[in-house]
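Chain letters run A, B, ... following the sequence lines, proteins first, then strands; residues in each count from 1.
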Amino acid sequence: MTEVTPEGGAERYDVAAVQEKWLPIWDELAPFKSGQPGDTRPKKYVLDMFPYPSGDLHMGHAEAYAIGDIPARYWMLKGYDVLHPIGWDAFGLPAENAAIKRGADPAAWTYENIATQKASMRRYACSFDWDRVLNTCDPEYYHWNQWIFLQMFERGLAYRKPSNVNWCPNCQTVLANEQVVGGLCERCDTAVTKKKLTQWYFRITDYADRLLDDMEQLEGQWPDKVLTMQRNWIGRSTGAEVNFVVEGRDEPITVYTTRPDTLFGATFFVVAADSDLAAELAADASPQVQEAFDAYLEEVKTTADIDRLATDRPKTGVFLNRFAINPVNDERLPIYAAEYVLSDYGTGAIMAVPAHDQRDLDFARAFDLPVRVVVATDLDDPATSGVATPGDGLLINSGSLDGLNKADAIAKIIAELAGNGRGKAAKNYRLRDWLISRQRYWGTPIPIIHCPDCGMVPVPVDQLPVKLPSSQGLDLSPKGTSPLGGATDWLNVSCPSCGKDAQRDTDTMDTFVDSSWYFLRFLSPRRDDVAFDVEQAKHWLPVDQYVGGVTHAILHLLYARFFNKVLFDLGLVPVVEPFARLLNQGMVQMDGSAMSKSRGNLVRLSDELEKHGVDAIRLTMIFAGPPEDDVDWADVSPSGSAKFLARAWRLSGEVTSAVGVDFAAGDLTLRRVTHRVLNDVDVAISTSRFNVAVARTMELVNAIRKAVDSGCGAADPAVREAVEATAIMLSMFAPYTAEDMWERLGHQPCVALTSFPTVDPALLIQDSVICVVQISGKVRERLEVSPSITADELKELVLSNEAVQKALDGAQIKTVIVREPKLVNIVPSA
RNA sequence: GCCCGAGUGGCGGAAUUGGCAGACGCAGCGGACUUAAAAUCCGCGGCCGAAAGGCGUUGCGGGUUCGAGUCCCGCCUCGGGCACCA
């Protein structure tokens, strides 16, 4: 594997041979088993977001897993028992689509891809504990999806309701709010429409406050961006609910408002056009109103969501010829139905205050409704300017509120409304309950049986898992109802409660259910009696470092946090937040844009690995920049990485001192570099500045080359110390090279199981430092001084320096700033 | 429209609390070795200058400071998130 050139020059580093050599040895040694009995080391749990088996691994995987491997290997070197698992997020539409397109069995297609990815993943040499692998499409896994579902069902956290849901006409299935991106289906970019359907939901809104408030714990540990996105998504607002009596209706209508202080400024009332309330109000009015309303509703319904997104859309609506009574002044407010009020936010009805809300003002101007200012500002009158004044000011035209500012008025009016039973303080959320049922085949069956007599009956837990029927003979093509409905033998069962003929629920769960708790299953993946071992959870949680793409900033991370809280309430997990630290790696691009076949800028990972080797690709990904930044493959140099690795590797063959030689006797200059680099790498890794860690390691390699060629020589113990340190540090980025170096240095495998060398603080202290002398902030001179020099000594030394005197040119000195030992700034008087 | 984040050489990027801007690498240029090339090793790399030396410089304009890539104010550009949420 090592060849010596004919002239006896530099050895050639045979990348392919080194990879082929170590792979079977590592398989044999299985160095990364975690949680072995009797292991007393402290724990760390490093988690990479698991892949979806869509084909072979791609460049994005290469970056993500190279990054995730660093903290795992770092903590191993630092003496921790590290849990670093991997598995496959294996349910989902692509398997089904492949089945429809090519007639493949979704299960066979999925397991084939998993086998391919698994083989690639092994070659990629991440420090995974291969004993813990799981696939979410295994019945042994989704069994526990069903179990958790039933726990939630029992507690009212899983429920079915009819609602206007997001519908993707292409995927022919419903979508959660989180899966609609800008009015388009997250998966296929088809414009999403609405459909009235009865669907399964998880009551995530029950946890809205905790999901929001517990983020305080994550401050500084998660990217701010992700925290902000989650906060916006939950969208908590505070205000009041106010009851309006409606003429000709027994029950008052409640509205939600964040501005109860502007109640005296309400001049009309609006209900969501697509709400039941609007339909009822129209029906109880005249036939003419009913007709106008029906026509309007039809128009609204045919407008796709994507068109409703335009903010400058003109306001439309229809007058219902009904009136609501303002509880604070008994004024009659005309009621309109309009699409700009949403049926699923608040109560689907609003009081309209056109002077202080732009949307209400736009509507008032379109329908020629009065505008009454109740908050005095120094801005133009909204009635004439067309610009609402939403800001603070003193209340006017508002009875008992006159003269108060916004905050005081809100407090006072809420107290008054609460006193006479006409309203109360209230909170509202943008977050909606999580729609989890899907009308597709390749997912977890919902463990519910529908009985004509007993209604919804949970499948008894001892009969779990409800296994998916074979896809053989099923029509998997999207048709708006679940393919499982066609599996007659599977579908028809007897009711667990009364024994009569009944049918299974035919929907399957959103695959985000699978990934919401996989980090728990990794703790005891082979247990067949529980979802996960509670004692193991106590030991391993929380996840110390979670690594994954920012694409999951809302969806997966919100859902997983929700699941964790539910399981916390069940007493099964010990922590409120599952992921203590989060790192979002960037994406891999080519020529400034995301790689894709259609763009023709796809770089195949397998080609790159073939050309440059695993280590060079990993190193390139890491060295390209900070882990959270995107990597443009056009800007980086895998061959440069390969060159560096070969340079480091060659050094391991040049060391002539023996294993165990006393480093203390080594060359001081090189030893100082070694220890400074070890120290810097340590700090850089623990602050996730992996690219800097690589740069420092390169500096060490350069220093060793110099020491061997023109310094202390290859036999000096300091050279062995430095090359060993290089191998150990490289094991985090380039495991094959590091392992081979380690062996050439005379050690047994595995370098990953050694420990990070201890930094000698004495070697971090220089025996002289360069002091910069500035005059008015400009560098004029550099002096070599002792690091322990005092301020007075330094000042005197500098001022008596000939070059400094010359530069000063006799100028009067105003002040001298001394920052010993590195800087002196002389300020001459002007 | 609202809310974040970022602008540093030809390129990717580095720079504790404000203290030598450009670490490390890529591409480029020059040299050594070689019959030659590859590989390897060494050096250069903002501008003027042969050199000594001088000048300039972190998107733009101001400010604070002995001193600003870093802090404050106002712009410009790019990227991301949200988008009728009452």
Side-chain angles (χ1 to χ4, degrees), chain A residues 5 7 9-12 181-183 223-233 235-237 239 255-259 262 270 272 308-313 315 338-342 344-353 356-360 362-363 390 428-432 550 553-554 619-620 623-626 628-632 634-641 643-644 646-647 650 680 683-684 687 689 691-699 701-702 705-706 709-710 770-782 814-819 822-828:
Chain A
T5 54
E7 314 85 57
E11 288 176 290
R12 193 172 69 86
V181 179
D224 287 344
K225 189 179 156 185
V226 174
L227 294 176
T228 307
M229 283 168 72
Q230 293 222 353
R231 286 195 179 103
N232 290 342
W233 191 260
R236 180 165 68 195
S237 74
V255 304
Y256 172 75
T257 176
T258 55
R259 293 297 302 275
T262 62
V270 189
R308 297 184 61 170
L309 286 176
T311 31
D312 48 1
R313 229 175 123 68
K315 291 285 181 284
E339 67 161 356
Y340 87 91
V341 170
L342 307 176
D344 59 351
Y345 182 78
T347 61
I350 63 154
M351 64 171 205
V353 184
H356 307 297
D357 182 287
Q358 190 61 46
R359 297 154 301 179
D360 295 346
D362 292 343
F363 192 87
N428 237 309
Y429 305 89
R430 219 187 70 109
L431 181 71
R432 308 291 148 83
V550 75
I554 297 175
L619 192 77
T620 301
F623 186 54
E628 54 277 357
D629 287 7
D630 292 342
V631 175
D632 196 319
D635 292 337
V636 297
S637 171
S639 58
S641 299
K643 208 169 94 179
F644 163 71
R647 195 167 141 92
R650 276 195 302 273
D680 289 358
V683 172
T687 52
R689 286 150 52 245
N691 54 327
V692 180
V694 174
R696 293 290 167 271
T697 309
M698 288 173 168
E699 284 182 48
V701 168
N702 291 344
R705 179 79 269 152
K706 195 169 235 168
D709 291 349
S710 55
I770 301 296
C771 175
V772 174
V773 182
Q774 299 179 335
I775 294 174
S776 296
K778 291 189 175 183
V779 181
R780 294 296 178 204
E781 184 62 6
R782 290 163 221 268
K814 194 168 127 198
T815 31
V816 179
I817 313 282
V818 182
R819 293 284 178 274
K822 286 169 80 173
L823 182 133
V824 174
N825 189 10
I826 303 168
V827 187

Open item on the list: Is a donor from one side chain sitting under 3.5 angstrom from an acceptor on the other, for A:R647 and A:N702?
Closed with: yes

- [ ] Mind checking A:S237 for me? I need base, sugar-phosphate or nothing, with any heavy atom below 4.0 Å counting as a touch.
- [x] sugar-phosphate

Task: Closest non-hydrogen atom pair between A:P638 and A:V636, with its separation - done: CD-O, 3.6 Å

Open item on the list: Using a 4.0 Å heavy-atom cut-off, does A:N691 contact any base of the nucleic acid, only the sugar-phosphate backbone, or nothing at all?
Closed with: sugar-phosphate

TODO: State which of B:A86, B:G13, B:C24 makes the closest approach to the side chain of A:E699.
DONE: B:C24

TODO: Would you kindly give the CG-to-C1' distance between A:L823 and B:A68, to the nearest whole Å?
DONE: 14 Å

TODO: Under 4.0 Å between any heavy atoms, over every strand shown, what does A:T258 touch: base, sugar-phosphate, or nothing? Just pick one.
DONE: sugar-phosphate

Open item on the list: Using a 4.0 Å heavy-atom cut-off, does A:V772 contact any base of the nucleic acid, only the sugar-phosphate backbone, or nothing at all?
Closed with: base

- [ ] Report which part of the nucleic acid A:N232 touches: base, sugar-phosphate, or nothing (heavy-atom distance under 4.0 Å, all strands).
- [x] nothing

- [ ] Take the protein atom NZ of A:K706 and the nucleotide atom C1' of B:C42, then report the distance between them rounded to whole Å.
- [x] 9 Å

Task: Option passing side-chain contact (heavy atoms from CB on, under 4.5 Å) with A:V824 (candidates A:V816, A:I775, A:V772) - done: A:V816

- [ ] Report which part of the nucleic acid A:R696 touches: base, sugar-phosphate, or nothing (heavy-atom distance under 4.0 Å, all strands).
- [x] base

TODO: Give A:D362 one of three labels, base, sugar-phosphate or nothing, depending on what nucleic acid heavy atoms sit under 4.0 Å from its own.
DONE: nothing

TODO: Decide whether a cation-pi geometry holds between A:K315 and A:F363; the criteria are a distance under 6.0 Å from NZ or CZ to the six-membered ring centre and an angle within 45° of the ring axis.
DONE: no

- [ ] Tell me whether the OP1 or OP2 atom of B:A38 has a side-chain N or O from A:R12 closer than 4.0 Å.
- [x] no

Task: Protein-nucleotide distance (A:R689, atom CZ; B:U16, atom P), rounded to Å - done: 7 Å

TODO: Write down the partner of B:C55 under the Watson-Crick or G-U wobble criteria, each distance required to be under 3.5 Å.
DONE: B:G46

- [ ] Using a 4.0 Å heavy-atom cut-off across all strands, classify A:R432 as base, sugar-phosphate, or nothing.
- [x] base

Task: Phosphate-side-chain proximity, A:Y340 and B:A86, N/O vs OP1/OP2 below 4.0 Å - done: no

Open item on the list: From CD of A:E781 over to P of B:G19, roughly how many Å is that when rounded to an integer?
Closed with: 22 Å

Open item on the list: For B:A83 and A:R430 - does any side-chain N or O of the residue sit under 4.0 Å from the phosphate oxygens OP1/OP2?
Closed with: yes

- [ ] Would you indicate what A:Q774 reaches in the nucleic acid, counting non-hydrogen atoms under 4.0 angstrom: base, sugar-phosphate, or nothing?
- [x] base

Task: Base B:C84 paired with A:K315 side chain (donor-acceptor, <3.5 Å) - done: yes

- [ ] Examine B:C41: is either OP1 or OP2 under 4.0 Å from a nitrogen or oxygen in the side chain of A:R647? Give yes or no.
- [x] yes

Task: Separation of B:A14 P from A:F623 CZ (nearest whole Å) - done: 10 Å

- [ ] Whole angstrom is fine here: how far is it from NZ in A:K643 over to C1' in B:C26?
- [x] 9 Å

Task: Distance in Å, A:D224 CG paired with A:M229 CE, rounded so as to fall on 0.5 Å steps - done: 13.0 Å

- [ ] If B:G5 has a Watson-Crick or G-U wobble mate with both distances under 3.5 Å, name it; if not, just say none.
- [x] B:C78

TODO: Quote, to the nearest angstrom, the C1' distance that separates B:C71 from B:U77.
DONE: 23 Å

- [ ] In whole angstrom, give the distance that lies between atom CE of A:M698 and atom C1' of B:G12.
- [x] 12 Å

Task: Phosphate-side-chain proximity, A:N702 and B:G25, N/O vs OP1/OP2 below 4.0 Å - done: yes

Open item on the list: Quick check: closest heavy atoms across A:T620 and A:S637, and the distance to 0.1 Å?
Closed with: OG1-O, 4.0 Å

TODO: Quick one: label A:K778 by what it contacts on the DNA or RNA (base, sugar-phosphate, nothing), any heavy atom closer than 4.0 Å.
DONE: sugar-phosphate

